2 protein chains.
Amino acid sequence: MTSGKSPGNRMGRGGPDNLHDMPRKQEIMAAAAKVFARKGFKGATTSEIAREAGVAEGTIFRYFKTKKDLLVDVAGSLAVETLKGIMSEMSAKSDEESLKSLIYNRLELIRPNLDLVKVMFYEAQFHPEVRQMIFGRVIFEAAQMLSEYFEARVKMGIFRDVDPFAAVRSLVGAVFTYIMFDSVLKTANPAWEDSDPQEARDRRNVDLIVDIFLNGVRATREVPGGLPGKPDAGGI
Amino acid sequence: MTSGKSPGNRMGRGGPDNLHDMPRKQEIMAAAAKVFARKGFKGATTSEIAREAGVAEGTIFRYFKTKKDLLVDVAGSLAVETLKGIMSEMSAKSDEESLKSLIYNRLELIRPNLDLVKVMFYEAQFHPEVRQMIFGRVIFEAAQMLSEYFEARVKMGIFRDVDPFAAVRSLVGAVFTYIMFDSVLKTANPAWEDSDPQEARDRRNVDLIVDIFLNGVRATREVPGGLPGKPDAGGI
DNA sequence: GGCTTAGATGAGTGAGTACTCACTTATTAT
DNA sequence: ATAATAAGTGAGTACTCACTCATCTAAGCC
């Protein structure tokens with residue numbers, strides 16, 4: 001044996017095998033996720049995935065019937081990951097605070113997987129199973145939850161009585177586009193990161209998005225003037 | 001010769017050759033656009049593109065050094081197409097009307113090419129040349145133009161003094177996400193189109209997006225109550 | 001008509017690719 | 001120890017695909 005892992009190694013249940021306690025299937029999925037993110041689904045080769053996972057190519061096919069099955073499983077695990085703990089936000093804080101912190105959290109969760117997310121959205125176009133995972137599961141659930149929040153506010157007379165799903169999509173869309181855009185700008189010009197660090201940029205942009213959204217959607221305006229940070233417009 | 005076009009056929013400048021006046025290069029690009037939209041870049045084969053264009057596979061490589069060159073050229077032509085006439089909108093009408101009609105038009109322009117647009121956005125991740133075409137050219141120019149419009153309104157005291165680029169992105173993002181979402185829903189459930197035809201759905205959703213955006217961004221609220229179509233919320 | 005030449009062709013080529021399978025190696029049970 | 005089993009391996013297989021090139025076709029010119 002030149003390299004690789006030993007067979008039959010169910011790593012005796014007790015002491016953590018130090019650095020490789022992840023069952024083989026998980027290791028392969030993690031490796032696949034990395035390679036998919038780098039190269040896309042079609043661009044990824046099973047041989048590269050195997051190398052990344054530190055196993056032989058044949059091993060992949062013990063755990064996944066086809067490369068596509070591997071894609072679907074990775075999509076599923078990403079879906080679960082992304083949805084995890086989304087209900088735990090939205091506490092007693094103000095609308096502004098709740099929304100902002102909800103968005104900050106999702107941002108931090110998604111950003112490390114952004115390339116993979118893009119690949120999954122794209123592949124959803126071609127593979128119904130992936131579409132089901134990403135849209136049927138994650139997006140639909142998230143939209144549902146936010147819509148309910150919105151609807152409750154409408155009943156309380158805080159928000160205007162408009163289609164909750166469409167309204168919420170407008171907010172999510174703004175955030176989504178911000179991340180995508182930001183990632184492209186960063187790719188095109190990595191240096192520029194220093195002058196305006198990620199976190200500050202996120203805060204600034206999310207704040208503005210939430211601010212516009214809430215102002216656009218509230219039945220009455222809270223602060224009639226402007227917004228902190230920038231001075232009010234001059235004239236009139 | 002079993003099929004195909006004749007060589008040397010520069011089709012004598014005069015009478016339109018009825019149904020095939022497009023120079024060969026354009027024909028190939030049009031065919032490639034179709035196949036890319038259906039299968040993605042990697043999924044498309046040069047043989048299928050040749051079949052679609054009604055030429056031999058070898059002919060493609062007379063006009064494009066590589067398949068990737070073909071992708072870049074198609075991206076370029078899509079970029080030009082999408083940007084065409086974008087300045088001609090924004091007349092003397094109200095903000096609401098200008099924005100709505102601007103968005104309607106872009107929607108009609110993009111929708112037939114939506115699958116291709118998705119492919120290009122995706123491939124931008126992997127090919128800097130495509131990224132340059134799509135983001136550097138189209139998106140940047142469009143954003144620039146909208147930002148200027150926004151900034152002018154700020155100076156007039158109509159809009160609040162916030163970062164114009166970020167604000168505009170929030171509007172564009174909402175629209176963009178609406179189209180993408182709509183296309184996925186349609187793919188997943190094509191039947192549902194009948195009960196709510198495209199145009200009506202577009203109008204409804206765009207109106208709401210613009211309405212939320214303008215309310216969120218205006219220095220003063222125009223109509224303090226609600227919005228036409230749906231009644232005001234009850235309480236308070 | 002004969003000559004030249006740009007354009008078009010499609011079988012062929014070589015570099016991959018996803019997936020298989022006969023075999024090796026370790027673990028567990030007896 | 002020994003047998004039985006499970007896990008892992010990687011060279012091999014059948015196939016696909018972007019790209020090439022020797023050959024063919026027809027238009028333009030005299």
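Given the structure is predicted, the values throughout are model-derived calculations rather than measurements.
Atom NZ in A:K67 sits roughly 15 Å away from atom P in D:dT16 (whole-Å rounding). Taking atom CG of residue A:L70 and atom P of nucleotide C:dT17, one finds them 16 Å apart after rounding to whole Å. As a whole-Å value, the separation of A:R51 CZ from C:dG16 P is 12 Å. Atom NZ in A:K42 sits about 14 Å away from atom C1' in D:dA18, given to the nearest Å. For the pair B:I49 CD1 and C:dT9 P, the computed distance is 15 Å after rounding to whole Å. Regarding A:F64, its CZ atom lies at a distance of 13 Å from the P atom of C:dC19, rounded to whole Å. Distance CZ (A:F41) to P (C:dA18): 9 Å, rounded to an integer number of Å. Regarding B:F61, its CZ atom lies at a distance of 9 Å from the C1' atom of D:dC17, rounded to whole Å.
Projected onto DNA chain C by closest heavy-atom contact, A:K65 and A:G43 fall at different nucleotides, the more 5' of which corresponds to A:G43.
Side-chain contact annotation: B:R111 with B:Q198, donor-acceptor N/O pair under 3.5 Å present. There is a side-chain donor-acceptor pair under 3.5 Å between B:E57 and B:T46. Looking at A:D73 and A:Y63, their side chains never bring a donor and an acceptor atom within 3.5 Å of each other.
Of the candidate nucleotides D:dG8, C:dA8, D:dC19, D:dG8 has the atom nearest to the side chain of A:R62. Nearest to the side-chain atoms of A:T66 among the listed nucleotides C:dT9, D:dA18, C:dC19 stands C:dC19. Closest to the side chain of B:V55, out of D:dT9, C:dT9, C:dA8, is C:dT9. Closest to the side chain of B:T59, out of C:dG10, C:dA8, D:dT9, is C:dA8. Distances from the side chain of B:A56 to the nucleotides D:dC19, C:dA18, C:dT9 place C:dT9 closest. Side-chain atoms of B:T45 lie closest to D:dA18 of the nucleotides D:dA18, C:dA18, C:dG7.
Taking the six-membered ring wherever Trp is involved, the centroid distance between the rings of B:F176 and B:F121 falls below 6.0 Å.
Taking side-chain N and O atoms only, B:T46 has no distance below 4.0 Å to OP1 or OP2 of D:dC17. The phosphate of C:dG7 (OP1 or OP2) has no side-chain N or O of B:R24 nearer than 4.0 angstrom. At C:dG7, none of the side-chain N or O atoms of B:Y63 fall inside 4.0 Å of OP1 or OP2 (strictly under the cut-off).
Among the heavy atoms of the strands, none lies under 4.0 Å from B:A50.
Judged by the 6.0 Å distance and 45° axis criteria, B:K68 is not positioned over the aromatic ring of B:F126.
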